[in-house]
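Here the structure is a predicted model, which means the values were calculated and not measured. Each chain gets a letter, A, B and so on, in the order the sequences are listed, and its residues count up from 1.
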Amino acid sequence: MGTNIPLERIDDNRWLIPQRYNDAMRVPGMVYADDELIQTILSDNALQQVANVASLPGIVGHSLGMPDIHWGYGFPVGGVAATDAETGVVSPGGIGFDINCGVRLLATDLHYDQVKGKVAELADRLFDNLPSGVGTDGMRQLTEQEMHDVMVQGARWAVDEGYGFAEDIDMTEEQGCLEGADPSAVSKHAIQRGRKQLGSLGSGNHFCEIQMVDHIYNQEAADAMGIGRKGQIVATLHCGSRGMGHQVAEDYIKLAEAKQEDFGFHLVDRQLACLPLDSEEGQAYLGAMKCAANFAWANRQLLMHGVRQSFASVFGRKARPKDLPLVYDVCHNIAKMEEYEIDGEMKRVCVHRKGATRAFPAGHPALPEKYQAIGQPVLIPGDMGRYSFMLVGAPGSMEQSFGSCCHGAGRRMSRTAAKKAVGSKQLLEMLEKKGVTVRVHSKNLLAEEAPQAYKDAQQVVNVVHNAGLASLVVRLRPLIVVKG
DNA sequence: ATGTTC
């Protein structure tokens, strides 16, 4: 049950898995958790996966586990691993099935008092305007040429098509587009799945939430982001690359598994299957992954347009599209080539973030001018009953975690366990009692996302705050949840 | 996460 993993306590927020735990480990593991969270983490095998990841060819630093870590395909969700650009590998399981799953947050000028009488109407509009559910078609059906352009241009394509504004691009990680996307590396099947789904929310833990600013930890940073008033209404989207990214992941996991012998890899878990960064196959995966990432950014751009339209139709001149600026968009399932100081020298590495958010500190050149002084906004959705958080990246992330921190609350119950433990009727009643208005396609699936199925996001963000990876800015309370 | 067992 993972409890035989040796853990050495470093301090109140850090636990080391020593390299001597087994012969396969090339680096130690490091897990971020407090005394209570580490007990939850020990109850599944996620720490064994942290140790497994430490055996990847070319891995440097530590195999990292964030406080929201839980069991995933090969790699844990809530994990970070960096591999040497020259001698290392990329592993599709280290990015995950939902390539560029991410979160974006829009501010509004509205206060809760202006919204409370129109909550049901707004919820209905959002539900109408944001296609959701398993296998649902999106707002746009794309020609093959349009699909090609989406994969290469990302969010920019959507803005050029009239979804949103040029300013949105600057407030998106990587300006909503990874260079080097290679459509020829994407299977026909993945392309066909994508053509139907641009501008759709999907299912599972994906959602649109309307939230209110509930607590302010850092007024200066909150003001810089335009979310510094208590009671202020904001909108959050959590979504990824839908069936398109899923197909890319599946295609390349299969390829990698078939190639392990050829590359001479004998990994401790076949789900760690990986491709050398300097191989044709490794580069093909990265080219295809970038296509899926760009698709996801265009997808969130279309969905954001749907959110702005919904507000405009309910609140008129008080919430025109221009009055709902994008605060920031982060990606939490991706591999990126970045540079870090390791053992005193600068090294180029492939950072795998799987359920982990980039958390660059103030002054980082990748940040827009607007956030140079405060650091990168880090969006951490919690669960639909309690709260979500906005943080900013802190200097410790550059020293400890390859510019990364947690991505959410993290599951404490599997989907099947949650469905067994929670009845959908009681759940809806409980949410209503808490003042959360829910619009959902499948009540059955809602139970899998019950607050009880998740760790306490407050505890999770406290750990990354105290460890110096990111710094708390505001807490948000949910008012409306729209889901598949 | 996912045309949720191609």
task: Could you check how far NE2 of A:His441 sits from C1' of B:dT4, rounded to whole Å?
output: 16 Å
task: Give every residue pair that meets the salt bridge (charged side-chain N to carboxylate O under 4.0 Å, His left out) criterion with at least one member in residues 280-301 of chain A, sequence neighbours excluded.
output: A:Lys259-A:Glu281, A:Arg300-A:Asp329
- request: Could you tell me whether A:His189 contacts a base, only the sugar-phosphate backbone, or nothing, with contacts defined as non-hydrogen atoms closer than 4.0 Å?
  value: base
Rounded distance (Å) that lies between atom P of B:dT4 and atom CG of A:Leu446: 20 Å
message: Output the rounded distance in Å from NZ (A:Lys254) to C1' (B:dT2).
response: 13 Å
Residue that, paired with A:Gln192, satisfies side-chain hydrogen bond (donor to acceptor under 3.5 Å, both in side chains) out of A:His189, A:Lys196, A:Arg195: A:Arg195
Protein-nucleotide distance (A:Ile95, atom CD1; B:dT2, atom C1'), rounded to Å: 17 Å
- prompt: So what does A:Ser241 hit on the nucleic acid, given a heavy-atom distance under 4.0 Å: a base, only sugar-phosphate, or nothing?
  reply: nothing
- prompt: Atom NZ of A:Lys188 to atom C1' of B:dC6: distance rounded to whole Å?
  reply: 19 Å
- prompt: So A:Gln211 and A:Thr236, side chain to side chain donor-acceptor pair (under 3.5 Å) or not? Walk me through it.
  reply: CA-CA 8 Å; A:Gln211 303 151 327; A:Thr236 295; 2.6 Å; yes
message: Once you apply a heavy-atom cut-off of 4.0 Å, does A:Gly204 come out as touching a base, just sugar-phosphate, or nothing?
response: sugar-phosphate
Between B:dT4 (P) and A:Glu250 (CD): distance, integer Å: 11 Å
message: Tell me the interatomic distance from A:Arg242, atom CZ, to B:dT4, atom C1', rounded to whole angstroms.
response: 12 Å
- line: Rounded to whole Å, NZ of A:Lys196 lies from P of B:dT2 at a distance of 14 Å
message: Counting only heavy atoms not in A:Arg140 (residues, nucleotides, ligands), do more than 12 fall under 6.0 Å from its CZ?
response: yes
query: What nucleic acid atoms does A:Gln192 come within less than 4.0 Å of, heavy atoms only: base, sugar-phosphate, or nothing?
result: nothing
